[in-house]
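Here's the structure we're looking at; comments come further down.
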Amino acid sequence: MPHEHGPRCARCGRPLELFTLDLPFGLGPRSWPGECACEAERREAEAREHRHQEHERKVQRLLRSSGIGLRHRDAGFDTFEVTPVTRPVVEVCRAFAEAFPEGGKGLTLAGPPGTGKTHLGVAITRALIERGFRAVIVNVPHLFLTFRSSFHGAAPQRFDETLDLLTTCDHLVLDDLGRERQTEWVQETLYLILNARYEERRATTITTNLDLDALRLRLGETILDRLAETNQAYWCQWPSYRRRNEP
C-alpha cells in the first residue's frame, strides 16, 4: 500500500506503492516503489498516438496510389449535394462503403453526364482508404490511352504494374466505362481485369453514361454477365451539376 510519507510519482505526485522482497544470501528485505498508474496511462496514450500516425501514413500512401485527381481531391460523401432525388443513391453508396467487403459485391452507377457519378466513385474510394483498404479509381478512356503509350515509352513494365494494381486492389472503380475506344485489345483487357477480380471475389464498381442495354452492346455479354452477378445497378437520373447555372 502507498505510504503517506513514502516515494511519490515524479510525474503526477501520487504516492507509490512499495514492493518488498527478501533477498537471498542474507541480504535481507529490500523495498522498491512500484509503477504509478499514470505511467501505464502515458504508455497507452503513446501507443494510441503511434497507431493513429501509422494509420495516417497508410492512408496517405494509399491515397497517392488511388487515382484520385486534383479536381476531386476533396470529394466525399459530405461534399456531395444531397437532394430528395439524389439521397437514395448517396445512402446506398455510403452504406456500401461502410459494409465493405461483401464477398466481391460492387455497384453500377449509370446515368447522364454531370450527375456526380465520379464524385460518388471517389467518395467510395476515399471512405474505403480511410478504413485501410487498398482502393483505386481509374478513368477507363484515360487508362487505355496510358496503356497504349506505355508500349512505346521508356517504361514497358508500366503496363504490367498497372494491370497488377487493377486486378489485386481491394476495390476498383472503373469510371466512365463505355467511353473507351472499342478495339479487340481493349475488350480483351477489360475482360482480363474484370474476370481476374471476379475469380478472386474482389469488388469492382463502375460508373457509366450508358444504360444497361447500350452497355451490353458495348462491352459484350461475357463482361456484363459477370457485372450482373456481382453488382447492384442504380440509375442516377437528375439534372447535370455542370449545367445548372446555364440560362
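Computed from a prediction, not measured in an experiment: that's the story for all the values here.
- Here the side chain of Asp211 pairs a donor or acceptor atom with the backbone of Asp213 at under 3.5 angstrom.
- At a cut-off of 3.5 Å, with distance as the only test, no side-chain donor of Thr204 or His171 sits close to an acceptor on the other residue.
- A side-chain donor-acceptor contact under 3.5 Å links Thr189 to the backbone of Trp185.
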Evaluation steps, side chain to side chain contact (heavy atoms under 4.5 Å, CB included), between Thr162 and Leu143: CA-CA 9 Å; Thr162 304; Leu143 172 68; 4.0 Å; yes

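- Of all the heavy atoms in Asn231 and Leu107, the pair that sits closest is ND2-O, 3.0 Å.
- The six-membered or imidazole ring of Phe80 lies away from that of Phe77, with a centre-to-centre distance of 6.0 Å or more.
- Atoms CG and CG, on Leu219 and Leu227 in that order, are 7.5 Å from each other to the nearest 0.5 Å.
- Comment: Glu130 does not engage Arg126 in a salt bridge, judged by the lack of any side-chain N to carboxylate O separation of less than 4.0 angstrom.
- How far CG of Leu224 is from OG1 of Thr108: 8.0 Å, rounded to the nearest 0.5 Å.
- For Glu49, the side-chain contact (heavy atoms from CB on, under 4.5 Å) criterion is met by His52, Gln53, not counting sequence neighbours.
- Across all non-hydrogen atoms, the minimal contact from Ala203 to Phe100 is CB-CE1, 3.7 Å.
- Using modelled atom types and a 3.5 Å distance limit, the side chains of Asp175 and Thr118 yield a donor-acceptor pair.
- Remark: side-chain polar atoms of Gln232 are not paired, donor with acceptor, to backbone N or O of Gly106 under 3.5 angstrom.
- Separating the CG atom in Asn139 from the CZ atom in Phe144 is a distance of 11.0 Å, to the nearest 0.5 Å.
- Of the possible donor and acceptor atoms, none in the side chain of Lys117 sits under 3.5 Å from a partner among the backbone N and O of Asp176.
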Test log, rule side chain to side chain contact (heavy atoms under 4.5 Å, CB included), inputs Val136 and Thr125: CA-CA 6 Å; Val136 176; Thr125 301; 5.9 Å; no

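- Side-chain atoms of Glu180 come within 3.5 Å of backbone atoms of Gly178 as a donor-acceptor pair (strictly under, hydrogens ignored).
- Arg43 contributes no side-chain N or O that, together with a main-chain N or O of Cys38, makes up a donor-acceptor pair within less than 3.5 Å.
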Derivation of the side chain to side chain contact (heavy atoms under 4.5 Å, CB included) call for Arg94 and Asp78: CA-CA 10 Å; Arg94 190 191 293 271; Asp78 292 339; 3.7 Å; yes

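- Within the 3.5 Å criterion, the main-chain N or O of Asn209 finds no donor-acceptor partner in the side chain of Arg179.
- Across all non-hydrogen atoms, the minimal contact from Glu102 to Lys105 is O-CG, 2.9 Å.
- Of the possible donor and acceptor atoms, none in the side chain of Ser66 sits under 3.5 Å from a partner among the backbone N and O of Ala135.
- One finds no salt bridge joining Glu229 and Arg226 here, because no Lys/Arg side-chain nitrogen approaches an Asp/Glu carboxylate oxygen to under 4.0 Å.
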